Amino acid sequence: MGYDVLAERRLPAFPRPLHNGLVGTLAMTSLAAAAGVVAQRLSGMGLSLLCVPFLALALGPLDAVRLTLLLGFPVYLAVAITHWRAIRWAQVAWLTVPAVVFTPLVALVVRDVPERPLLLAAGGCCVLAVGVLASGITSRRLAGRTGAVGAGVLSAAMNSVAGLSGPAVAVYGASAGWGADETRGTLSIYFFLLGLVALPSLGWVEAPVSVLLAVAIAALAGDLLGRALSRRVGERAVRWSVLLLSAAGGALTLGHAA
């Protein structure tokens with residue numbers, strides 16, 4: 001049986017703990033947060049893909065989603081402000097409304113699910129998301145309002161289960177022919193608005209203040225590092241690095257839960 005140093009209780013869902021006490025938890029959560037923010041700054045993606053699988057191993061799947069949502073607020077808002085003029089507001093509405101309606105319903109179910117199935121779902125969704133994004137799947141049939149509604153619902157479901165709201169709407173944006181700035185601005189404001197509903201629906205992060213402070217400091221450092229590297233590192237190289245690391249994290253999460 002594993003031991004959760006945060007809740008001070010036995011956890012049968014984690015028979016092989018990957019961290020040793022609070023120090024290990026601080027190290028894993030800080031590295032995940034810093035890497036996720038760096039990737040988001042450099043390529044416009046990667047925050048959830050990198051954070052969720054590794055945070056799930058340190059804190060459990062539900063708190064991993066909660067903390068990733070909390071971490072995303074300043075990051076997504078900053079990106080949205082930077083690309084404000086490129087935001088497609090009509091598409092934001094068609095994505096956000098169904099996602100906002102569907103999120104509380106999924107959250108009600110997720111909060112009562114045992115940790116092992118959630119861990120399996122988080123790892124599986126992460127690996128699936130990497131496959132979808134790496135494949136570059138697009139279809140003009142997905143570009144209309146029906147596609148937007150479907151993408152919003154699927155995004156909300158994956159967000160509540162695994163914190164991965166991006167793949168479904170990224171495929172929609174690619175199918176609709178959005179440019180890079182349009183994609184970053186539109187998806188960032190969508191993620192921000194979705195988080196405003198998802199976090200209250202899932203509940204507050206059940207982690208000590210020391211973990212929250214460490215993650216906040218790591219995220220700030222990651223943002224500064226990402227800005228410094230933005231002109232030196234190619235977006236394509238960062239994108240594939242994020243996908244490979246995310247796939248590894250998802251596979252590790254699946255293996256740990258099995």
Side-chain angles (χ1 to χ4, degrees), residues 18-19 24-59 63-83 86 122-123 125-127 129-130 132-134 159 162-167 169-170 173 180-181 183-192 194-195 205 207 210-253:
L18 293 189
H19 57 86
T25 299
L26 291 173
M28 185 175 289
T29 53
S30 297
L31 287 173
V37 173
V38 168
Q40 192 72 34
R41 270 292 180 185
L42 291 178
S43 67
M45 61 171 285
L47 179 64
S48 296
L49 283 171
L50 281 176
C51 284
V52 169
F54 294 104
L55 290 180
L57 293 172
L59 302 176
D63 269 334
V65 174
R66 290 165 171 164
L67 188 53
T68 301
L69 288 170
L70 186 63
L71 188 61
F73 285 129
V75 176
Y76 295 138
L77 185 59
V79 176
I81 291 174
T82 301
H83 300 284
C125 285
C126 186
V127 173
V130 169
V132 170
L133 292 173
N159 188 53
L164 299 173
S165 57
V169 290
D181 287 346
T183 299
R184 290 175 181 172
T186 303
L187 295 190
S188 292
I189 196 65
Y190 165 75
F191 295 149
F192 180 83
L194 181 60
V205 182
S210 57
V211 172
L212 298 179
L213 288 176
V215 167
I217 294 172
L220 179 59
D223 184 69
L224 295 175
L225 180 60
R227 293 185 184 189
L229 293 175
S230 60
R231 297 181 180 179
R232 301 181 182 181
V233 181
E235 181 177 322
R236 182 178 177 84
V238 175
R239 176 184 174 85
W240 282 103
S241 297
V242 168
L243 291 177
L244 289 173
L245 285 172
S246 302
L252 185 61
T253 303

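Heads up: numbering here begins at 1 and tracks the sequence. Remember, it's a predicted structure, so these values are computed and weren't measured experimentally.
Closest heavy-atom contact between Gly185 and His83: CA-CB, 3.7 Å. Between Cys51 and Ala32, the closest heavy-atom pair is SG-O, 3.4 Å. For Leu49 against Ala129, the heavy-atom pair with the smallest separation is CD2-CB, 4.1 Å. Of all heavy-atom pairs spanning Val37 and Ala219, the tightest one is CG1-O, 3.6 Å. Shown here for Ala170 and Leu187, the closest heavy-atom pair between the two residues is CA-CD1, 4.1 Å. Minimum interatomic distance between Thr186 and Ala86 (heavy atoms only, all atoms of both residues): OG1-O, 4.0 Å.
For Ala78, the side chain to side chain contact (heavy atoms under 4.5 Å, CB included) test picks out Arg41, with sequence neighbours left out. Shown here are the ring pair (Phe, Tyr, Trp, His ring centres under 6.0 Å) partners of Tyr190, two or more places apart in sequence or in another chain: there are none. Every residue two or more places apart in sequence or in another chain that forms a side chain to side chain contact (heavy atoms under 4.5 Å, CB included) with Ser210 is listed here: Leu22, Leu26, Pro208. Not a single ring pair (Phe, Tyr, Trp, His ring centres under 6.0 Å) links Phe54 to another residue, sequence neighbours left out. For Ile217, the side chain to side chain contact (heavy atoms under 4.5 Å, CB included) test picks out no residue, with sequence neighbours left out. Residues meeting the side chain to side chain contact (heavy atoms under 4.5 Å, CB included) test with Ala228, sequence neighbours left out: none.
Looking only at distances, a side-chain donor or acceptor of Ser48 sits under 3.5 Å from a matching main-chain atom of Gly163.
Atom OG1 of residue Thr29 and atom CG of residue Asp63 lie 11.5 Å apart, to the nearest 0.5 angstrom.
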Go through Leu212 and Val205 one step at a time and tell me if the side-chain contact (heavy atoms from CB on, under 4.5 Å) criterion holds. CA-CA 9 Å; Leu212 298 179; Val205 182; 4.2 Å; yes
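By the 4.5 Å heavy-atom criterion applied to side chains, Val211 and Thr25 are counted as neighbours. In this structure, the side chains of Tyr76 and Leu47 come closer than 4.5 Å at one or more pairs of heavy atoms. Looking at heavy atoms from C-beta onward, Leu67 lies in side-chain contact with Leu59 at the 4.5 angstrom threshold.
Pairs engaging residues 30-40 under the side-chain hydrogen bond (donor to acceptor under 3.5 Å, both in side chains) rule: none recorded [sequence neighbours left out].
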Output side-chain donor-acceptor pairs under 3.5 Å for residues 68-75, partner residues at least two apart or in another chain, one line each.
residue: Thr68; atom: OG1; partner: Ala64; partner atom: O; Å: 2.7

